[in-house]
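Take a look at the structure below.
In what follows, every chain begins at residue 1, and chains take the letters A, B, ... in the order their sequences are listed.
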Amino acid sequence: MGNFARQVLEIVARIPEGKVTTYGVIARALGNPRGARVVVWALWSGPSGLELPYHRVVNSKGQLAPPHIFGEGVQRECLLREGVTFLPDGRVDLERHLWIPEIEEP
DNA sequence: AGCGTGACGGTCG
DNA sequence: ACGACCGCCACGC
C-alpha cells in the first residue's frame, strides 16, 4: 500500500461519530486536490478486518456508496445509528455533518 | 511502458 | 436542477 493510501486510512480512522467526510475533502487535506479517485482506491485496498469507519465517507453531494459495497441499506443504517441526519432526497445533510480534517502534509 | 479501473468531481448544455 | 461528459491519479496486470 502506498503512502497516500496509508494517510487516507489515518484520516478515515479519525472521522468522529455522527460526522462524515468526502473523498474530495480527504484528497485535499492530503494536498492532492484532484486525488478523489485515489482515495477510493485506498478504501478498496484498506484492511477490511480493522474497525475503520469506512461508512463515514460519502461523495461531495452527500450520496452514499452504491449498495453492492456495504450491502443494501447498511451504510445508511450505520450512519443513522450514529445520529447522522438525511435530507428528504436521501442524501446526508452535509451542512450539519461534514467533518473537515486538519491539514496533514508538512 | 501502456492500459484499464474506480465508493470521484467540476463543468456545461 | 439534472444528467452527460471529461479529466483526474495511483495501482495492478
Side-chain angles (χ1 to χ4, degrees):
Chain A
M1 202 175 13
N3 200 24
F4 186 83
R6 249 190 309 282
Q7 301 185 88
V8 168
L9 299 184
E10 285 173 16
I11 290 191
V12 170
R14 294 170 22 221
I15 308 175
E17 226 183 278
K19 292 289 183 183
V20 299
T21 194
T22 74
Y23 309 95
V25 166
I26 294 178
R28 285 197 293 277
L30 296 176
N32 190 350
R34 304 192 271 324
R37 314 200 68 156
V38 187
V39 172
V40 171
W41 184 91
L43 298 186
W44 268 111
S45 68
S48 54
L50 206 43
E51 315 269 355
L52 288 172
Y54 293 115
H55 60 276
R56 296 182 189 147
V57 187
V58 301
N59 72 20
S60 62
K61 307 185 197 102
Q63 296 167 321
L64 307 185
H68 72 272
I69 302 296
F70 297 104
E72 184 68 53
V74 173
Q75 184 177 18
R76 182 181 173 101
E77 289 183 30
C78 289
L79 293 173
L80 281 173
R81 198 160 38 233
E82 298 175 352
V84 173
T85 60
F86 289 77
L87 301 173
D89 61 6
R91 293 153 46 212
V92 170
D93 187 351
L94 288 179
E95 295 279 332
R96 289 169 45 146
H97 300 107
L98 179 62
W99 175 78
I100 312 261
E102 310 78 28
I103 328 292
E104 290 260 324
E105 41 129 24

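Taking CD1 of A:Ile11 as the reference point, atom CG of A:Leu52 lies at 12.5 Å (rounded to 0.5 Å). Distance check, rounded to the nearest 0.5 Å: CG of A:Leu43 to CD1 of A:Ile69 gives 9.5 Å.
Screening A:Lys19, A:His55, A:His97 for a side-chain hydrogen bond (donor to acceptor under 3.5 Å, both in side chains) with A:Glu82, the sole residue that qualifies is A:His55. When each of A:Leu79, A:Val20, A:Val74 is checked for a side chain to side chain contact (heavy atoms under 4.5 Å, CB included) with A:Leu64, only A:Leu79 meets the rule.
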Show the distances under 3.5 angstrom between N or O atoms of the protein and N or O atoms of nucleotides 10-13 of chain C.
none

Under 3.5 Å, which N/O atoms of the protein pair with N/O atoms of nucleotides 1-3 of chain C?
none

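Listed for the A:Arg6 side chain is a donor-acceptor partner under 3.5 Å among the backbone atoms of A:Met1. Of the possible donor and acceptor atoms, none in the side chain of A:Gln7 sits under 3.5 Å from a partner among the backbone N and O of A:Leu30.
A 6.0 Å sphere centred on CZ of A:Arg96 holds no more than 12 heavy atoms belonging to other residues, nucleotides or ligands.
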Can you check each nucleotide of nucleotides 8-13 of chain B against protein heavy atoms at under 4.0 Å and return B for base, S for sugar-phosphate only, - for none, in 5' to 3' order?
-> BS----
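Rounded to a whole angstrom, the distance from the C1' atom of C:dC13 to that of B:dA7 is 22 Å.
Counting heavy atoms from C-beta on, the side chains of A:Tyr54 and A:Leu9 come closer than 4.5 Å.
A:Val84 and A:Val25 fall within a single hydrophobic cluster, where Ile, Leu, Val, Met, Phe, Trp and Tyr are joined by side-chain heavy atoms under 4.5 Å apart, directly or via other members.
For the pair A:Pro67 and A:Glu72, the tightest heavy-atom approach, listed with the atom from each and the gap, is CB-OE1, 3.5 Å.
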